[in-house]
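First up is the structure itself, then whatever we jot down about it.
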Amino acid sequence: MAPDLLNKLLVRGSRRGRIVEVEAYLGPHDPASHAYRGPTVRNATMFGPPGHLYVYFTYGMHWCANAVCGEEGDGTAVLLRALAPVAGIAAMRTARGGITREAALCSGPAKLCQAFGIDRRYDGADLTLAAKTAPWLADDGTPPPATPGNSKRIGISVAVDHPWRWYVSGDPNLSRRG
DNA sequence: CTTTGGATCGTCT
DNA sequence: GACGATCCAAAGG
């Protein structure tokens with residue numbers, strides 16, 4: 001499912017961004033996944049029904065967001081790693097503390113959450129409903145890339161060899177060149 | 001351009 | 001008590 005999320009839109013209020021980079025985390029079978037050691041209070045949303053947002057806090061200051069993709073009980077999710085800003089860019093700049101370069105607004109998993117104002121409040125949000133204030137996912141008809149870029153995952157220390165990162169090749173908003 | 005270190009705290013051991 | 005699905009500024013080449 002991870003590459004199929006490429007080119008979908010993350011929407012929150014007036015802010016819109018096209019998903020250009022994701023990583024898959026395969027639940028209890030994946031040592032790099034928060035779900036590896038089974039359900040806890042923190043990762044409960046991952047084990048819930050698909051189509052919901054799993055938001056977690058890390059490094060003492062950052063939020064990151066995933067789309068839950070497995071059936072209830074599976075614990076599988078896709079980390080949203082980078083977006084191409086589409087609308088609400090002024091609001092993103094403000095939320096990002098005045099960063100001016102557009103390609104730096106959403107070019108990382110914690111950056112896009114900061115740009116969209118996503119935190120614990122939206123853990124568990126239903127991504128299939130066009131909500132007023134909560135984040136959701138829209139499909140404007142743009143298909144995923146026919147041949148997405150693919151690489152190892154970033155920032156993990158175990159299960160590092162699985163090529164479970166996918167991205168829109170050459171997009172300027174990637175967290176790394178690709 | 002690449003490398004390095006600091007910030008900062010919830011979560012699980 | 002250790003560390004993390006990160007980011008940024010500063011320093012070095």
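Fair warning: this is a prediction, and the values are worked out from it, not measured in the lab. These values consider heavy atoms only, across backbone and side chains, with no hydrogens, waters or symmetry-generated copies.
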Could you tell me the separation between the [atom1] atom of [X] and the [atom2] atom of [N], rounded to a whole number of Å?
| X | N | atom1 | atom2 | result |
| --- | --- | --- | --- | --- |
| A:Met61 | B:dG10 | CE | C1' | 12 Å |
| A:His62 | B:dT11 | NE2 | P | 16 Å |
| A:Arg101 | C:dC7 | CZ | P | 13 Å |
| A:Tyr54 | C:dA5 | OH | C1' | 9 Å |
| A:Phe57 | C:dA5 | CZ | P | 13 Å |
| A:Leu79 | C:dA5 | CG | P | 10 Å |

Checking N1-N3 plus N6-O4 or O6-N4 for Watson-Crick, or N1-O2 and O6-N3 for wobble, each under 3.5 Å, the partner of C:dC8 is B:dG5

Mate of B:dG10 across any strand shown (Watson-Crick or G-U wobble, both atom pairs under 3.5 Å) is C:dC3

When we call it a touch if two heavy atoms are under 4.0 Å apart, what does A:Ile99 touch: a base, just sugar-phosphate, or nothing? sugar-phosphate

| message | Students often get this wrong, so: under 4.0 angstrom with heavy atoms, is A:Arg81 touching a base, only sugar-phosphate, or nothing? | response | sugar-phosphate

Of A:Ser157 and A:Ser107, the one whose nearest nucleotide on DNA chain C sits closer to the 5' end is A:Ser157

Note: for A:Lys111 and A:Ile156 on DNA chain C, the residue whose nearest nucleotide lies more 5' is A:Ile156

Practice task
Assess whether one donor atom and one acceptor atom, taken from the side chain of A:Tyr59 and the base of B:dA7, lie less than 3.5 Å apart.
Solution key: no

message: Check this for me: A:Arg121, atom CZ, are more than 12 non-hydrogen atoms of other residues, nucleotides or ligands nearer than 6.0 Å?
response: yes

Check for me whether A:Arg153 meets the cation-pi criterion with A:Tyr25, that is, NZ or CZ under 6.0 Å from the six-membered ring centre and within 45 degrees of the ring axis.
yes

Tell me whether A:Tyr56 and C:dA5 count as stacked here, given that the ring centres must be under 5.5 Å apart and the planes must differ by less than 30 degrees. no

If we only count heavy atoms from C-beta on, is the A:Trp63 to A:Arg120 side-chain gap below 4.5 Å?
yes

